[in-house]
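Only heavy atoms go into these numbers, but all of them, side chains included; no hydrogens, no water, no symmetry mates. By convention in this document, chain letters (A, B, ...) are assigned in the order of the sequence lines, proteins followed by strands, and residues within each chain are numbered from 1.
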Amino acid sequence: MNKYRSHNCSELRESDSDKKVYLSGWLHRKRDHGNLLFIDLRDHFGITQCVVENKNKYFKVLESIRQESVIKVYGNVVKRELGTENKDLKTGKIEINIDNIEILSEAKDLPMPVFGEQEYPEDIRLKYRFLDLRRNQMHKNIVLRSKVISFMRSEMSKLGFLEFQTPILTSSSPEGARDFLVPSRLNPGKFYALPQAPQQFKQLIMVSGFDKYFQIAPCFRDEDARADRSPGEFYQLDIEMSFVEQENVFEVVETLMINLFKNFSSKKLMFQKFPRISYEEAMIKYGSDKPDLRNPLLIHDLTNIFERDDVTFDIFKKLVKSGSKVRCIVTKKTKDKARSFFDNIDKWAKEQGASGLAYFTIEKENEISAKGPVGKFFKEEALKEIMKITAAEVGDSIFFACGKVNDVEKITSLAREKIARDLNLIDENKFAFCWIVDYPMFELDELGKKIQFSHNPFSMPQGDIKKINFDKPLEIKAYQYDIVCNGIELSSGAIRNHIPELMYKLFLIAGYNKTQVDEKFSGMINALSYGAPPHGGIAPGIDRIVMLLAGEKNIREVTLFPLNQNAQDLLMGAPSEVDEKQLKELNIKIEKKINS
RNA sequence: GGGGGUGUAGCUCAGUUGGUUAGAGCGCCUGCCUGUCACGCAGGAGGUCGCCGGUUCGAGCCCGGUCACUCCCGCCA
């Protein structure tokens, strides 16, 4: 092919026997027999075994050179003797008899080995990412990521979407996450912001008449990290479409996801048509708006039961009287589970900051009774009612949580997952997608006083625009939706509000008057005032999709050069201090924080 | 900002109730070895037990503080 190689390290077969070839790659592994030396030569494509005997003048050189050095090998392709073949290698039926070699780049002692599948501390992996990325699993994940993105591009193009780039230096937006700011040299004292998402731009693209747009869009948010959330930056498949209803967006995304997941994973899709679950229903049944539908457990509301006279569980009754809710989870056929199973869950709940989970098991001798620490507080009639509501049967157990709606939703949602894991109810070989729909337009803030947008302020409220009752804002639903897979939120989207008058009304409810809206969203409002198509879209998170396809639990496993949890790049040393001169040009002065 | 976990050789980890000189595997160095593919065998070097302080006759182990990494909550679409 060129002066470095005639073939790559995965190419040679029996049929190439007796050919003179030259290969280049990393010295993956050495097996030194003293007078005979085996070398596994590795490149991106695979591994080829090379052999050299002590009479070769390069023998000593190869003996002393370190792993991960890059060498060029010149030699003869030889068919391996029967019994010395390696079935695990594509090239396992041949080997290279080395004539001579050339060292292209020598490696120092390694801080972490490339060979093997052991786990290593993440700070070392990130500092030596180039070594980490040579390792098989990481290398595969990154290749997968590349293929997924290519696939998305080609599918979107086939569907008639056009790919555009939107600005990276843009303006700070008042809603949503913290912005990354970039000082402007030409405009002293002013800042650009990196886009949290190309939200306004993609809407402007629709207003500009381009009909359907997509982009593999970088998004920047200055928020704290999680396992499934990179600090700093991540990528979305940003999509926007003109003249569409919610279902049209769903069609595109469902088709894409089904093709994508069928193409890149052997795991089965639980639903060929993704279930649509309203936000309200999701919060009751799963305690979360990102339910893992592989998990068969459901949450039920039992608040009313604790208003009955034949229930004497006073702690819960008192809480219910003061507005708390009771929710429960039923586990099937758990009456013979060891006491420790129940107690562990209760203990776990306390560790999560809840006041624990009460539980009992339904039994029947002469009459139906509840066995367990709080069982004695429930008479037969009450138990029958509970069984009716929850579809619980004799032999099943019920776990209860009581508290304010938000708290009880949080703990039951976590408990649903915890209990299912303990009982091994989650099928890891499935993908369960669903849509969460009908999000409320507004919600109360934590103090329950101020009304604020619950999602995106640019979403279109549902129903006949002329008949919306703005006096009851909390009842207004929006054409706002999320797509969730295996409990991971992949994306949210919405049909956008393209009517300025309506937008002013909604902003007013959230406490912004017309002047304020004009100031903050002048570009957007202005654009919508000169003929805007009804439009909507969505933006699936690419990192999370690849994470699911790769079967990884951490987003950094599918990211080439991720920041660590403190948003530092240990390889490049970012963020870093800058020259006084640079600061001066930008009119910026650093005030050192003095710790007392 | 808050809570949990981890921190012992270059790397992965063990280290009993607080008790003499802190161990193993991989890697590294030296020697032996012509069919290995996690090659094998023999020997060797390598340690501020994250850091600071305390308790104790004695601390890798107990206590307090602190730092780093990570997971979670807050935050975030």
Note: A/R135-A/E117 ion pair, threshold 4.0 Å (strictly below):
no
Are A/R226 and B/rC73 close enough that a side-chain N or O sits under 4.0 Å from OP1 or OP2?
yes
Determine yes or no for a side-chain-to-main-chain donor-acceptor pair under 3.5 angstrom, with A/D543 supplying the side chain and A/Y235 the backbone.
yes
For A/R31 and B/rC39, is the shortest distance between a side-chain N/O and OP1 or OP2 below 4.0 Å?
yes
N/O donor-acceptor pair, side chain A/E119 with base B/rU12, under 3.5 angstrom:
no
So which nucleotide from B/rU36, B/rG74, B/rC72 ends up closest to the side chain of A/T84?
B/rU36
Complement of B/rA14, any strand, by Watson-Crick or G-U distances under 3.5 angstrom:
none
In whole angstrom, give me the gap between the P atoms of B/rC29 and B/rU17.
40 Å
Among B/rC75, B/rC71, B/rG35, the one nearest any side-chain atom of A/Q565 is B/rC71
Aromatic ring of A/H33 stacked on base six-ring of B/rC39, 5.5 Å, 30°
yes
Check whether more than 12 heavy atoms from other residues, nucleotides or ligands sit under 6.0 Å from atom CD of A/E247, and answer yes or no.
yes
Base, sugar-phosphate or nothing for A/R229? Non-hydrogen atoms, less than 4.0 Å.
base
Check the side chains of A/N97 and A/N76 for a donor-acceptor pair under 3.5 angstrom, ignoring hydrogens and angles.
no
Taking atom P in both B/rG60 and B/rG50, compute the distance separating them and give it to the nearest angstrom.
10 Å
Verdict with reasoning, A/F442 to A/F453, per ring pair (Phe, Tyr, Trp, His ring centres under 6.0 Å):
CA-CA 4 Å; A/F442 298 101; A/F453 286 106; 5.2 Å; yes
Can you tell me, in whole Å, how much space there is between the C1' of B/rU66 and that of B/rU6?
16 Å
Can you tell me, in whole Å, how much space there is between the C1' of B/rG19 and that of B/rC13?
24 Å
Are there over 12 heavy-atom neighbours, none belonging to A/F38, within less than 6.0 Å of that residue's CZ?
yes
Checking all strands, does A/I124 fall into the base, sugar-phosphate, or nothing category for heavy-atom contacts under 4.0 angstrom?
sugar-phosphate
Using purine N1 to pyrimidine N3 plus N6-O4 or O6-N4 for Watson-Crick, or N1-O2 and O6-N3 for G-U wobble, both under 3.5 Å, which nucleotide pairs with B/rC28?
B/rG44
Just to confirm, is there a sub-4.0 Å distance from OP1 or OP2 of B/rC71 to any side-chain nitrogen or oxygen of A/N554?
yes
Any side-chain N or O of A/Q118 below 4.0 angstrom from OP1/OP2 of B/rA38?
no
B/rG15 and B/rC49, which share atom name C1', separated by this distance in whole Å:
10 Å
Applying the 3.5 Å cut-off to both distances, the Watson-Crick or G-U partner of B/rC39 turns out to be none
Go through B/rU12, B/rC33, B/rC73 for me and flag the one nearest to the A/K410 side chain.
B/rC73
Phosphate oxygens OP1/OP2 of B/rU36: is one of them under 4.0 Å from a side-chain N or O of A/N86?
no
Between A/R556 and B/rC71, is there a side-chain N or O to OP1/OP2 distance below 4.0 Å?
yes
With a 3.5 Å cut-off and heavy atoms only, can you find an N or O donor on one side and an acceptor on the other between the side chain of A/E223 and the base of B/rG74?
no
Paired to B/rU66 by Watson-Crick or G-U wobble criteria (both distances under 3.5 Å) is B/rG50
Hey, does the side chain of A/R29 come within less than 4.0 Å of B/rG27's phosphate (OP1/OP2), counting only N and O?
yes
